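Input: a single structure, listed below in structure tokens.
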Amino acid sequence: MKNLAGREWEPPMGHLRARRTPTAMDSAEILALLARTLAQGQTTGRGTGHLAARLCEACTEILGAEAVMLTLTSAAERLTVRTAESAGSAVAQIEDLQVVLGEGPAELALAEGRTVVAHLDGHDTDAAAFPMFATLAAAGDGPLTVYAVPMRPSGHVVGVLSAYLSGGHLSRPLEEAELLADAAGAALLGDPGTADLSSQPAWPQQALVHQATGVVVAQLGIAPADALAVLRAHAFARASTLESVVDDVLARRLVFSALGTA
């Protein structure tokens, strides 16, 4: 490697990421693999849903995972897509737990912009960063490993790809998983329908969360971020899901007031 003066120079190893292995794919190859996998889904009848759901299915196949979730986040909103097969599964419960607690591997990946590998068996090295999540998730049915990979198609984090396995490792190196996450993020950001919640059959619950948050804002006169925190806290306090609390708020079975709840 040459420096700006044209002299040979090698940076300290601490400043380098792991060198690419001879068999590792580059970004162009990952994009081509993603395109082929999406095309194969079309020919087998699995590629008829929304782009976000099809990306989940393609990433699941490419990474050899049991399920993949894709989350886009911004200052205003957060969208998470899952496949129909994962609804009600242990994976969906883990995702819901992160939403309720506001902590977990996906939250850490978003906050620090790095890949987080969490072994939900009580022996995770990042457990100190999400102690409550680690404790509750480890009580689930059997061990589960989460690979939370930030999506950085434009150099800054726009979301996270979460891949779940009950055993073993991803079928691709982490470096390739990171390239795949960037490609998926670019595809979602470039999809005209992504910004329109009403067009997202895979994301209806997120729209309901926004509605319930607005109801709590009106009832308590607090900021949206605080209203969402109230919803999360209530779900945790009654050992329920955020979805259940949202449904109760929108059905007026749960009403918040300055003096408590009715």
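Worth saying up front: this structure is predicted, and the values here are computed from it rather than measured.
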| What about F130 and M132, same hydrophobic cluster or not, with Ile/Leu/Val/Met/Phe/Trp/Tyr joined at side-chain heavy-atom distances under 4.5 Å? | yes

| Rounded to the nearest 0.5 Å, what separation is found between the CG atom of L179 and the OG atom of S27? | 6.0 Å

| task | Enter the distance from E57:CD to T37:OG1 here, rounded to the nearest 0.5 Å. | result | 11.5 Å

Indicate every side-chain donor-acceptor pair of residues 156-168 with a distance under 3.5 Å to a residue at least two apart or in another chain.
residue, atom, partner, partner atom, Å
H156, ND1, S154, OG, 3.1
Y164, OH, E95, OE2, 2.4
S166, OG, E66, OE1, 3.4
S166, OG, E66, OE2, 2.4

| query | Do T71 and M151 come close enough that some side-chain heavy atom pair is under 4.5 Å? | reply | no

| field | Check against side-chain contact (heavy atoms from CB on, under 4.5 Å), E176 and E29 | value | CA-CA 10 Å; E176 291 185 12; E29 291 171 318; over 6 Å; no

| request: Specify the closest pair of heavy atoms between T60 and A67, including all atoms of both residues, with the distance to one decimal. | output: OG1-C, 3.8 Å

| message | What verdict does the side-chain contact (heavy atoms from CB on, under 4.5 Å) test give for L242 and D96, after you've listed the backbone C-alpha separation in whole Å, the side-chain angles of each residue and the deciding distance to 0.1 Å? | response | CA-CA 7 Å; L242 183 61; D96 290 340; over 6 Å; no

| said: Please determine whether residues V117 and I62 belong to a single hydrophobic cluster, defined as Ile, Leu, Val, Met, Phe, Trp and Tyr linked transitively by side-chain heavy-atom distances below 4.5 Å. | reply: yes

| field | Joint cluster assignment, L189 & L34, ILVMFWY side-chain distance < 4.5 Å | value | yes

| query | What is the minimum heavy-atom distance between V116 and A109, and which atoms define it? | reply | CG2-N, 3.9 Å

| Atom pair CE/SG of M69 and C59 - distance to nearest 0.5 Å | 13.0 Å

| task | For R114 and L108, run side-chain contact (heavy atoms from CB on, under 4.5 Å): C-alpha distance rounded to whole Å, both residues' side-chain angles, the deciding distance at 0.1 Å, then the answer. | result | CA-CA 8 Å; R114 65 178 177 89; L108 187 59; 3.4 Å; yes

| field | A187 versus L55, closest heavy-atom pair with distance | value | CB-CD1, 3.9 Å

| Any residue meeting salt bridge (charged side-chain N to carboxylate O under 4.0 Å, His left out) with D182, in chain and number order, not counting sequence neighbours | none

| request: Treating Ile, Leu, Val, Met, Phe, Trp and Tyr as nodes and any side-chain heavy-atom pair under 4.5 angstrom as an edge, say whether I222 and V249 lie in one connected cluster. | output: yes

| request: First locate atom CZ of R252, then atom CG of L254, and finally report the distance between them rounded to the nearest 0.5 Å. | output: 10.5 Å

| request: Without swapping roles, check the side chain of T213 against the backbone of L228 for a donor-acceptor pair under 3.5 Å. | output: no

| said: I want to check something: taking the side chain as every heavy atom from C-beta on, are P173 and M25 in contact at a cut-off of under 4.5 Å? | reply: no

| message | Donor-acceptor check, side chain of R152 to backbone of G113, threshold 3.5 angstrom: yes or no? | response | yes

| What are the two closest heavy atoms between Q219 and F256, and how far apart are they? | OE1-N, 2.8 Å

| message | Less than 4.5 Å apart, side chain to side chain, heavy atoms only: is that true for Q98 and P105? | response | yes

| said: I need the single residue from L170, T115, L180 that forms a side chain to side chain contact (heavy atoms under 4.5 Å, CB included) with V149. Which is it? | reply: T115

| Atom CZ in R36, atom CD in E61: separation rounded to 0.5 Å? | 11.0 Å

| note | F133 and L97 have their tightest heavy-atom pair at CD1-CD2, 3.7 Å

| query | Is there a path of hydrophobic side-chain contacts, each under 4.5 Å between heavy atoms of I, L, V, M, F, W or Y residues, that connects V230 with V217? | reply | no

| field | V215 side chain near L250 side chain, heavy-atom distance below 4.5 Å | value | yes

